[in-house]
Participant: 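Quick one: the structure is below, questions incoming.
These numbers were taken from a predicted model, which means no experiment stands behind them. What you see below is based on every heavy atom in this structure, not just the backbone, and it leaves out hydrogens, waters and symmetry mates.
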Amino acid sequence: MKKKGMRILALALAAAMLSGCGKQAKDSKSEEVSTETEGKTESNGGLDDSEGRYVGKSSKWDGCFVDDYGIKVRPGMTINEIVEQGCVVAPDYVDDINDFINAPAEMCVTPDYNSSSNHVLYIYVEQEDGSYSRSDFSEDAWFINPYPYAVPFGECIVSYMLPGLNHMGVEWNTDDKDSMSPEEMKALFDIEPYIDEYDNFIYPYEDYFVLFSLYEGRILMCETGTYGHDDNYPVPDCISFAGEDFKDWEFESETLSPDEDSYSFMMGLGTQTIDLTYFDSIEEISRYYLPESGYTSSFHVKGTNKDGDHVTIDLMDEGVGLYYKDIAHLTYGSIIDSEELPSGEIHSAQSCDEAQNIDKFANNTLKLEVIVSTDGISEVNHTMEVYHQVEGIISTSAE
């Protein structure tokens with residue numbers, strides 16, 4: 001997505017709709033819209049607002065875009081709803097599509113995944129012979145995690161699309177030209193559009209808008225997105241039934257008490273509990289979290305265990321990035337001398353005064369980093385022994 005273009009779109013949408021409009025309650029769909037908008041649209045009594053459609057009762061379009069394979073996609077739709085149509089959906093280009101067949105359920109997407117980061121979707125449609133073809137919407141649709149906590153990839157939603165007019169899924173052409181005219185568009189929607197200062201035609205739906213750009217009297221292109229899909233694009237006040245503004249989550253740092261026996265917190269796709277009785281004394285303990293939900297993106301504790309080892313623990317969510325490392329069969333390993341342990345583990349890299357091990361944790365949704373400080377060069381076996389001790393003091397429960 002071109003951020004500059006979307007910012008212009010947002011400003012245009014707001015300029016067209018905010019003038020003189022007062023925000024109404026969402027349950028007032030059956031009432032007439034404000035007097036300022038009555039001139040541009042008719043009252044709700046003459047509209048079909050079922051299934052989130054704010055169009056004329058004779059409109060032929062259901063608000064979904066359809067590709068050449070019959071796959072329907074619209075803003076606000078979940079990744080799972082696309083998958084249910086016989087698709088494999090990935091958050092980026094992949095060499096082997098089989099790597100992402102389980103991604104909707106297994107891949108953890110953190111709450112800071114929003115459209116401002118340009119997270120594009122790749123959609124592959126399963127054919128009768130078991131092969132996959134790329135959907136027309138691949139690379140022309142983006143997604144977000146709209147919640148203040150981590151969710152599986154499948155629960156994320158489509159936030160923005162650049163479909164073609166041929167993806168409307170209905171017959172609209174009434175003349176001998178391939179491009180759509182404003183008159184044909186109005187007939188398709190059975191309602192007058194909002195017209196912004198750039199002469200773009202905008203049609204609002206409950207959770208998203210559809211915008212048509214004109215050039216020399218014909219429809220040039222179409223773009224559509226959820227209202228307020230990040231904090232730069234707020235919901236226009238006069239669209240009384242629109243969804244809430246997207247929240248650009250702000251994480252805060254918190255120093256915790258070292259006197260508690262344990263702490264439990266949302267992280268990854270579950271609740272993590274760490275047993276602090278492992279430590280004889282604690283020097284530092286803190287977390288990075290969201291006040292809105294209590295979701296924790298990192299937890300840090302440093303202290304001395306009962307064996308006299310100086311141990312630092314950092315548990316962090318890594319979201320999509322960690323899933324990629326998993327499917328690529330990569331591990332972080334450790335940064336201590338290469339050695340094969342009796343358990344068959346192989347850890348490699350360099351040795352230093354602080355021996356460190358980093359690996360995936362909690363069904364591969366989190367990264368666990370353990371540092372063991374010693375007076376000299378640490379032995380691999382002892383570092384791994386402490387690492388496995390730490391694994392044992394952290395438990396995960398599913399939400």
Participant: So how far is it from D99 CG to I97 CD1, rounded to the nearest 0.5 Å?
Facilitator: 10.0 Å
Participant: Tell me the closest heavy-atom pair linking M267 and Q272, and the distance in Å.
Facilitator: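 The answer is O-NE2, 3.1 Å.
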Participant: As a quick check of understanding, evaluate side chain to side chain donor-acceptor pair (under 3.5 Å) for Y69 and D136, giving each step before the final call.
Facilitator: CA-CA 9 Å; Y69 300 103; D136 299 341; over 6 Å; no
Participant: Tell me every residue that passes side-chain contact (heavy atoms from CB on, under 4.5 Å) with S262, counting only those two or more places apart in sequence or in another chain.
Facilitator: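 S262 satisfies side-chain contact (heavy atoms from CB on, under 4.5 Å) with T273 once adjacent residues are dropped.
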Participant: Is any side-chain heavy atom of D309 less than 4.5 Å from a side-chain heavy atom of H382?
Facilitator: yes
Participant: To the nearest 0.5 Å, what is the distance between CG on D199 and OG on S213?
Facilitator: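 If I round to the nearest 0.5 Å, the distance is 10.5 Å.
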Participant: Under 3.5 Å, side chain of D275 to main-chain N/O of T277, donor-acceptor pair present?
Facilitator: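 Yes, the answer is positive, given that a donor and an acceptor are paired below the 3.5 Å cut-off.
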Participant: At their closest point, which heavy atom of P152 faces which heavy atom of A105, and how far apart are they?
Facilitator: CB-O, 3.8 Å
Participant: Applying the 4.5 Å side-chain criterion to the ILVMFWY set and letting contacts propagate, would M161 and V66 be lumped into a single cluster?
Facilitator: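 No: no chain of side-chain contacts under 4.5 Å links M161 to V66.
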Participant: Shortest non-hydrogen contact from G268 to C108?
Facilitator: CA-SG, 3.9 Å
Participant: With sequence neighbours left out, what residues match R74 under salt bridge (Lys or Arg N to Asp or Glu O under 4.0 Å)?
Facilitator: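 R74: no salt bridge (Lys or Arg N to Asp or Glu O under 4.0 Å) contacts found.
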Participant: Okay, side chain of D67, backbone of S135: is any donor-acceptor separation there less than 3.5 Å?
Facilitator: no
Participant: I need the single residue from H300, E254, K302 that forms a side-chain contact (heavy atoms from CB on, under 4.5 Å) with S286. Which is it?
Facilitator: H300
Participant: Evaluate the side-chain proximity of I274 to L315: yes if any heavy-atom separation is below 4.5 Å, no if none is.
Facilitator: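 L315 does not reach I274 side chain to side chain.
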Participant: Just so I know, are the side chains of P163 and D140 near enough to count as touching, which here means a heavy-atom distance under 4.5 Å?
Facilitator: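 No, side chains not in contact.
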Participant: Is it the case that the side chains of Q127 and Y132 hold a donor-acceptor pair, with the cut-off being a distance below 3.5 Å and no angle test?
Facilitator: no
Participant: Quick one: do L366 and Y289 end up in the same hydrophobic cluster if we chain Ile, Leu, Val, Met, Phe, Trp and Tyr together by side-chain heavy atoms under 4.5 Å apart?
Facilitator: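 Per the 4.5 Å side-chain linkage, L366 and Y289 are not co-clustered.
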Participant: Judged by atom type as modelled, is there a donor-acceptor pair below 3.5 Å linking the side chain of W249 to the main-chain atoms of Y147?
Facilitator: yes
Participant: Closest approach of K306 and F279, non-hydrogen atoms and distance?
Facilitator: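 It is NZ-O, 4.1 Å.
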Participant: Look at the side chain of Y208 and the backbone N and O of G63, then say whether any donor-acceptor pair between them is shorter than 3.5 Å.
Facilitator: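 Here the side-chain-to-backbone pair exists.
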Participant: Side chains of F251 and P111: does their closest heavy-atom pair fall under 4.5 Å?
Facilitator: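 SC-SC contact between F251 and P111 confirmed.
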Participant: For S298, give me all partners under side-chain contact (heavy atoms from CB on, under 4.5 Å), at least two apart in sequence or on another chain.
Facilitator: Y288, M316
Participant: Hydrophobic clusters here meaning ILVMFWY residues chained together by side-chain heavy-atom distances under 4.5 Å, can you tell me if Y124 and M107 are in one?
Facilitator: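 Shared cluster, yes.
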Participant: Out of curiosity, L162 CG to E223 CD, how far, rounded to the nearest 0.5 Å?
Facilitator: 6.0 Å
Participant: State yes or no: do Y122 and F65 share one hydrophobic cluster built from I, L, V, M, F, W and Y residues joined by side-chain heavy-atom distances below 4.5 Å, directly or via other members?
Facilitator: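 Same hydrophobic cluster.
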Participant: Taking T110 for the side chain and G319 for the main chain, is one N or O donor matched with an acceptor at less than 3.5 Å?
Facilitator: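 Checking the backbone N and O of G319 against the side chain of T110, no donor-acceptor pair under 3.5 Å is found.
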Participant: So does F361 get a backbone contact from the side chain of K367, meaning a donor-acceptor N/O pair under 3.5 Å?
Facilitator: no
Participant: To check you understand the geometry: which heavy-atom pair defines the closest contact between A362 and T396, and what is its length?
Facilitator: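 Distance-wise, the nearest heavy atoms are CB-OG1, 3.6 Å.
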Participant: Only pairs under 3.5 Å count here: list side-chain donor-acceptor contacts from residues 82-93, not counting sequence neighbours, and write none if there are none.
Facilitator:
| residue | atom | partner | partner atom | Å |
| --- | --- | --- | --- | --- |
| Q85 | OE1 | K72 | N | 2.8 |
| Q85 | NE2 | K72 | O | 2.8 |
| Q85 | NE2 | E81 | O | 3.3 |

Participant: Salt bridge check: are E171 and K60 linked by an N-O gap of less than 4.0 Å?
Facilitator: no
Participant: Do E318 and Y324 come close enough that some side-chain heavy atom pair is under 4.5 Å?
Facilitator: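 No, side chains not in contact.
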Participant: Is the backbone N or O of T365 less than 3.5 Å from a side-chain atom of N363, with the two atoms forming a donor-acceptor pair by type?
Facilitator: no
Participant: Pair T312, D314 - check side-chain contact (heavy atoms from CB on, under 4.5 Å), show working.
Facilitator: CA-CA 7 Å; T312 300; D314 285 290; 3.7 Å; yes
Participant: Which pair of heavy atoms, one from Y203 and one from I191, lies closest together, and at what distance?
Facilitator: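 Minimum heavy-atom separation between Y203 and I191: OH-O, 3.2 Å.
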Participant: Hey, does V390 have a side-chain heavy atom less than 4.5 Å from the side chain of I313?
Facilitator: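 Touching, per the 4.5 Å side-chain cut-off.
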Participant: Evaluate side-chain contact (heavy atoms from CB on, under 4.5 Å) for E192 paired with K186, printing each intermediate quantity in order.
Facilitator: CA-CA 6 Å; E192 288 290 320; K186 293 174 184 178; 3.6 Å; yes
Participant: Passes side-chain contact (heavy atoms from CB on, under 4.5 Å), V158 versus V73? Steps please.
Facilitator: CA-CA 8 Å; V158 177; V73 181; 4.1 Å; yes
Participant: Hey, is the main chain of V109 close enough, under 3.5 Å, to the side chain of N145 for a donor-acceptor pair?
Facilitator: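 Between the backbone of V109 and the side chain of N145 there is a qualifying donor-acceptor contact (under 3.5 Å).
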Participant: Taking the side chain as everything from C-beta on, heavy atoms only, tell me whether E155 gets closer than 4.5 Å to T78.
Facilitator: no
Participant: How many angstroms lie between atom CZ of R287 and atom CD of E252, to the nearest 0.5 angstrom?
Facilitator: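 Rounded to the nearest 0.5 Å, the CZ-CD separation comes out at 10.0 Å.
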Participant: What residues form a side-chain contact (heavy atoms from CB on, under 4.5 Å) with N98, not counting sequence neighbours?
Facilitator: D96, I101
Participant: Check whether W61 reaches the backbone of M168 with its side chain - one donor and one acceptor, N or O, closer than 3.5 Å.
Facilitator: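 Side chain of W61 to backbone of M168: a pair is present.
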Participant: Could you measure the distance from the CZ atom of R134 to the CZ atom of F137? Nearest 0.5 Å is fine.
Facilitator: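 One gets 14.0 Å once the value is rounded to the nearest 0.5 Å.
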Participant: Please walk me through it: do V370 and V386 pass side-chain contact (heavy atoms from CB on, under 4.5 Å)?
Facilitator: CA-CA 8 Å; V370 178; V386 173; 4.3 Å; yes
Participant: Can you measure from CZ (F201) to SG (C222) and round to the nearest 0.5 angstrom?
Facilitator: 13.5 Å
Participant: A side-chain contact here means heavy atoms from C-beta on lying under 4.5 Å apart; do L368 and D359 qualify?
Facilitator: no
Participant: Between H388 and E385 (side chain of the first, backbone of the second, donor and acceptor by atom type, cut-off under 3.5 Å), is there such a pair?
Facilitator: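 No; zero donor-acceptor contacts below 3.5 Å.
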Participant: If the condition is side-chain contact (heavy atoms from CB on, under 4.5 Å), which residues does I285 pass it with, not counting sequence neighbours?
Facilitator: L256, P258, Y263, L276, I282, F299, V301
Participant: Do you know which of Y323, F100, F143 makes ring-ring contact (aromatic ring centres under 6.0 Å, His included) with F153?
Facilitator: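 The option that passes is F143.
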